[in-house]
Amino acid sequence: MDLDKQNANPTILNPSDLPSRRRETQVKRRDDGGTGLFDDLIPPYNYLNDPFDQAISSSDSDDDAVEQIDEQEVYDLISSISDPEHPLSLGSLAVVNLPDIHIQPPTSPHSCISTVVVEITPTITHCSLATVIGLGVRVRLEQALPPRFRVDVRIKKGTHSTDEAVNKQLGDKERVAAALENGTLMGVLRKMLSTCE
Amino acid sequence: MPPPPTETPTHVLCPLATLSPPSSLRTWQTAPHPSQPIVATACSDRSVRVYSLTSFTLLHSITGGHKRSVRSVSWKPGTRGQSVLATGSFDASAGIWRKKEQTQEQDFTRRGGDGDEEEDEDEDDYQFACILDGHESEIKSLSWNPSGQYLATCSRDKSVWIWEELEDDNFETVAVLQEHDGDVKCVAWHPTEDLLVSTSYDDTVRLYRDDADDWVQVTSITGHQQTVWWAEFEGANMASIDFRKEKEGLSEQQTKYIDLLDRSGPRLATCSDDCTVRIWRRRPREHQEGVGTGIPSIIRSVTIDEDWLQEAILPQRHDRAIYSISWSQKTGLLVSAGSDGKVIIYKERWKAQALNDEVEGVDGGEGLEWALTEWVVVAELFSAHDVFEVNHVTWAARADKGKRFEDEEVVLSTGDDGEVRVWALDELASENKV
């Protein structure tokens, strides 16, 4: 795969420009016993004013299932996924971006199903790996988020030549399930996700 | 639970049981046996689980056949002295399994189970009989026709295969239908005709029939905006069972509509990723003659093409993909379920008053009868499998001790949590309606 990269010179973001929750990165973890009352006071992301902030800490992924999950946490779960053809994270390649992550609350008071919508931006418009990247994002979130979340991964509109077709594949539960039983594909996904834990 | 927004449900789905023990992995589909009180469940752990609907316990686990998820199961109808099960798997093969029925034989070696009345339970297992190879990728669905002569299978390879069992375990491919432009998600048979339906990732629904030893597509139905996940025909003779059986006080139009439905034959229900359930009706052939000229045509068209019209879109209660629907052959009620975890039950009834101006814009001239009935939601269940998706839903004859009347049915829902849940449909006393 290294021999014929589709995008040999991708734009790479400086780690300090990646969104993170300043207070929670590095060693400090959120006190899970807390009420989350002050969550609203913390800016959801804050990426231009902390040059000392480090890239996504590898220790903050699988947090508690019962606590409220916000876009930043979803971002943290998927930005550390490795690109299938570069030794770089999806966050640093700007394939996943915080403003393109949306959490939709349950549509009815009787329902407890929330939806996470992630729009990914392939590095080039004809990247055939877009499906694999999308699959990696979907699998990562399905494994890491509590089951009350439905995960919709889409290609950001206008960033890919066949975005509709890719979206349809990524949204098809049966196809995703079958793909996960495919050894070769699972090998690729495992490698992509190995940088997440 | 307070009522959902628009309509007050008249019924409620009450949990009866969860078939036990559940699978630890996702379960895809559950097929009730055509005559016995047992069901087979397709599991992603590569096995099929056979449960009793009498004791709600596991009777058999069929393993060792498939290399990937078992996606679909179908019991062969009309077998004598044995049960025959077809299994379709993501490993691209279909399996045929047989088990001798042991009638009234005492068996002292039975294990598990807490009831006294399971005569199905014995050490005899389902025997692997043969494998049907041919599909290039995952089999998504399979279905025996009502006579048991044909087995249809469909796959991600975009094809539908029809197999005919010439003698025991000797299957011949009688058709490979490659009309779809995408994965074929579901196949199902008409209750009285050799008419097959398939639904697809290409958003279409297609019908096929045998034309002089050659299976051909007779129509392609478009309307759904997304993948069509499931299709099921209405039962035969439903007019003598459902709301149509009450003939007293019907208007002339309503009588004409019943006649029209009778000439159309059993209707078709489909459900889709587009969050809709739709009902389709065949345009009766007689209606095509003499249009325009007023002179009945004596030259019959040789074509066997059919024309299926969209008759209704059911009230939209799902907000994510609808994976499955089932049409009760005892009551005419429809049930649907899907990704949002809801199970919805719909009932057809006469509209309060027929709207004479509601003429469908198609070239039919049947517009007046068109909108005489409506579908209403009679029960709405949230979180049928807690937070998990519901992959399949079906009606089955109730067989446990709590059965309240002849022909009582239960709803079986099959979920991503590996569970098959059994639901009874209870009518709410009118004073209880909130």
Side-chain angles (χ1 to χ4, degrees), chain A residues 64-69 102-118 131 134-135 138-139 141-155 162-187 189, chain B residues 1-5 25-26 28-29 44-46 66-69 71-72 89-92 137-141 155-156 181-186 200-203 225-227 229 273 275 317-321 323 338-342 380-389 391 415-417:
Chain A
D64 215 82
V66 275
E67 80 176 88
Q68 207 68 28
I69 286 169
H102 300 282
I103 296 179
Q104 295 162 355
T107 52
S108 142
H110 307 289
S111 169
C112 50
I113 308 295
S114 300
T115 309
V116 177
V117 181
V118 178
T131 313
L135 196 57
R138 179 168 170 162
V139 169
L141 290 178
E142 284 184 348
Q143 288 173 352
L145 292 174
R148 67 188 162 88
F149 284 94
R150 299 289 184 265
V151 178
D152 288 339
V153 178
R154 301 192 192 121
I155 305 290
T162 57
D163 51 1
E164 287 295 317
V166 175
N167 289 345
K168 187 156 184 163
Q169 283 223 59
L170 291 174
D172 188 300
K173 166 192 197 164
E174 198 178 34
R175 278 191 164 213
V176 169
L180 299 191
E181 295 186 28
N182 176 322
T184 319
L185 191 52
M186 263 323 273
L189 290 179
Chain B
M1 192 180 273
L25 292 175
R26 166 187 287 152
W28 282 112
Q29 184 223 335
S44 59
D45 65 4
R46 307 167 188 189
H66 288 291
K67 298 183 198 73
R68 301 264 177 95
S69 278
R71 174 66 182 88
S72 179
S89 163
F90 281 175
D91 69 12
S137 54
E138 302 95 74
I139 290 185
K140 309 274 194 180
S141 161
S155 159
R156 185 166 64 84
D181 301 320
D183 313 15
V184 190
K185 295 295 193 185
C186 173
S200 169
Y201 189 75
D202 70 9
D203 309 347
Q225 306 296 309
Q226 295 286 337
T227 299
W229 282 102
D273 231 275
C275 303
R317 289 301 176 87
H318 290 284
D319 48 31
R320 294 186 61 85
Y323 292 132
S339 168
D340 60 8
K342 290 187 197 172
E380 181 168 27
L381 172 69
F382 286 84
S383 308
H385 286 248
D386 301 321
V387 297
F388 293 92
E389 302 194 358
N391 293 318
D416 264 359
D417 52 359

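Below, read A as the first sequence line, B as the second, and so on, with proteins coming before strands; counting in each chain starts at 1.
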Inter-residue atom distance A:His110.NE2 - B:Lys342.NZ, 0.5 Å rounding:
9.0 Å
Which distance, rounded to the nearest 0.5 Å, do you find between the CD1 of A:Ile113 and the CG of B:Asp319?
9.5 Å
d(A:Lys173 NZ, B:Arg320 CZ) to nearest 0.5 Å is 10.0 Å
Given heavy-atom pairs under 4.5 angstrom as the criterion, report whether the side chain, backbone, both or neither of B:Ser383 touches chain A.
side chain
Find the one option among B:Arg71, B:Gln226, B:Glu389, B:Lys67 whose heavy-atom pairs under 4.5 Å with chain A are most numerous.
B:Glu389
So for B:Asp91, is it side chain, backbone, both, or neither that comes closer than 4.5 Å to the heavy atoms of chain A?
neither
B:Ser339 versus chain A, the contacting section by heavy-atom distance below 4.5 Å
both
Region of B:Tyr201 in contact with chain A, defined by heavy-atom distances below 4.5 Å:
both
Taking side chain as everything from C-beta outward and backbone as N, CA, C, O, which of these in B:Phe90 sits under 4.5 Å from a heavy atom of chain A? Side chain, backbone, both or neither.
side chain
Would you give the length of the straight line joining atom NZ of B:Lys185 to atom CG of A:Asp172, rounded to the nearest 0.5 angstrom?
3.5 Å
Got a salt bridge between A:Glu174 and B:Arg156, using NZ or NE/NH1/NH2 to carboxylate O under 4.0 Å?
no
For chain A, find which of B:Asp417, B:Asp416, B:Val387 contributes the most heavy-atom pairs closer than 4.5 angstrom.
B:Val387
Supply the atom-to-atom distance A:Leu180 CG to B:Ser44 OG, rounded to the nearest 0.5 angstrom.
10.5 Å
So does B:Asp203 pair up with A:Lys168, basic N to acidic O under 4.0 Å?
yes
Heavy-atom donor-acceptor pair, B:Glu138 side chain to A:Ala178 backbone, under 3.5 Å
no
